Q: 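Okay, handing you the structure first.
Note that ligands are numbered from 1 as they come in the structure, with each ligand's atoms numbered from 1 the same way. Computed from a prediction, not measured in an experiment: that's the story for all the values here.
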Amino acid sequence: MHIRKIRLLTPGPTPLYPPALHAMMGADIHHRTQEFVRVYKAIIADLKEVLGTSYDVIPLACSGTGAMEAAVSNFFRRGDRVIVCSAGKFGERWVQIAQAFGLEPIVLEAEYGEPVPAEAVIEKLSSTPGVRGVFIQACETSTGVEHDVETIGKAVAQTEAIFVVDAITGFGTMPLDIEGWGLDIVVGGSQKAFMIPPGLAFLTVSPKAWKHEESSDLPHYYFSIRKEAKNALEGQSNWTPSVALLLALHAALQYLKQVGMAKLIENARLLAQATREAVQALGLEVFARKSPSAAVTAVKAPAGMDSGVIVKGFRDRFGSIIANGQGSMKGKIFRIAHLGYFDFPDLFAVIAELELLLAEQGLPVEFGRGVAAAQHVYAKAALQKAAVAH
Ligand SMILES: *Cc1c(COP(=O)(O)O)cnc(C)c1O
């Protein structure tokens with residue numbers, strides 16, 4: 001049709017919270033002023049509240065990968081033996097960063113679409129002496145798979161190793177008890193469930209991780225986490241911070257506090273369930289069979305069809321930007337996100353669009369079948385009477 005609204009529906013960047021965007025226009029403040037100190041301290045306090053931890057939280061001006069790199073370069077030593085759980089492209093990124101800094105990663109690899117089983121990590125930990133760290137993705141965004149961070153964290157807590165969790169799409173989509181589960185370093189990014197543009201990341205640091213930091217011998221300069229933590233106490237960052245994004249984060253955090261993390265997570269989990277039921281009602285298959293994530297649902301393209309056709313159809317016909325598969329999964333899956341500032345009307349539209357696109361490709365589609373499946377999930381969760389009626 002003739003009017004097409006652009007809608008960002010990828011698992012990062014995600015839809016933006018409008019008051020956060022407006023807050024960015026207040027960025028004409030200098031970062032070495034009391035005005036900035038106040039807001040920076042408030043952001044760190046709010047982050048701790050939303051993440052449910054009293055550990056240090058260090059914001060960084062970089063994308064999520066920068067904070068992943070900082071988690072390696074500040075807390076490990078050359079030659080450290082570490083276990084990396086790799087279930088997709090982001091797990092492979094941990095391996096590459098570890099190798100770039102001279103660590104010796106032992107890689108526990110899961111097939112794309114599968115999680116690394118907690119038992120495999122526990123077994124490897126007990127059969128390997130001297131492990132200094134365990135790395136994982138809470139949610140592996142490239143395949144739409146969630147890991148059992150709780151079981152693994154509690155096992156790592158019994159050892160000398162620190163547990164380093166990329167929760168960039170885990171935050172806001174799954175419960176993460178940082179202190180209760182032994183999550184020593186947890187990495188987050190702005191453009192996922194935090195509802196603001198890319199360019200900010202942060203990490204949390206446990207006392208056990210700070211002990212590791214004391215003996216770290218790896219080179220770093222921009223990402224000097226000890227110095228950041230010290231400056232943060234004074235409401236300052238090491239370098240010129242991303243003032244505009246921090247103001248956006250400040251606004252988004254007020255909203256997240258108002259909604260509450262538990263409800264944000266429930267929102268994502270219901271949308272994920274509705275997405276799975278909708279695509280299955282349309283005869284499609286969810287890529288992650290065992291442990292599908294609440295951040296993003298990866299869907300297999302119909303037999304004989306390149307998923308790029310669907311991704312392109314979403315964009316060209318409807319202005320909806322959804323994600324293709326990454327790496328070798330490109331062309332095989334498409335990914336529908338539902339983390340952060342997503343609601344059921346977003347999902348109803350996506351599923352209705354998908355039905356039209358499948359029909360355009362000549363597949364036998366009964367219009368409304370997928371949408372109805374999503375509506376049933378909504379009704380059961382939110383409408384008492386409708387739940388009884390169905
Ligand atoms: C988005 C994402 C990242 C970070 O990617 P950047 O492009 O550096 O922000 C890292 N890990 C996961 C699981 C992600 O989803």
Q: Would Arg93 and Thr65 count as having a side-chain donor-acceptor pair, cut-off 3.5 Å?
A: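 Their side chains do contain a donor-acceptor pair, which is all the 3.5 Å distance test asks for.
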Q: What about Trp210 and Tyr55, are their ring centers closer than 6.0 Å?
A: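 Ring centroids of Trp210 and Tyr55 are no less than 6.0 Å from each other.
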Q: Parallel, tilted or perpendicular: which describes the rings of Phe348 and Tyr378, with under 30° parallel and over 60° perpendicular?
A: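 Because their plane-to-plane angle is over 60°, the rings of Phe348 and Tyr378 count as perpendicular.
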Q: Ring-plane angle category for Tyr341 and Tyr17, please: parallel below 30°, perpendicular beyond 60°, tilted otherwise.
A: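 Correct class here is perpendicular.
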Q: Under 3.5 Å, is there a donor-acceptor pair between the Ser307 and Asn324 side chains?
A: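 Yes - a donor-acceptor pair under 3.5 Å links their side chains.
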Q: Students should find this: residues with any non-hydrogen atom under 4.0 Å from ligand 1. What is the answer?
A: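 Residue list for ligand 1: Ser63, Gly64, Thr65, Met68, Phe90, Arg93, Gln137, Cys139, Thr141, Asp166, Ile168, Thr169, Gln191, Lys192.
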Q: Establish, from distance only, whether the side-chain atoms of Gln326 and Ser142 form a donor-acceptor pair under 3.5 Å.
A: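 No, no side-chain donor-acceptor contact under 3.5 Å.
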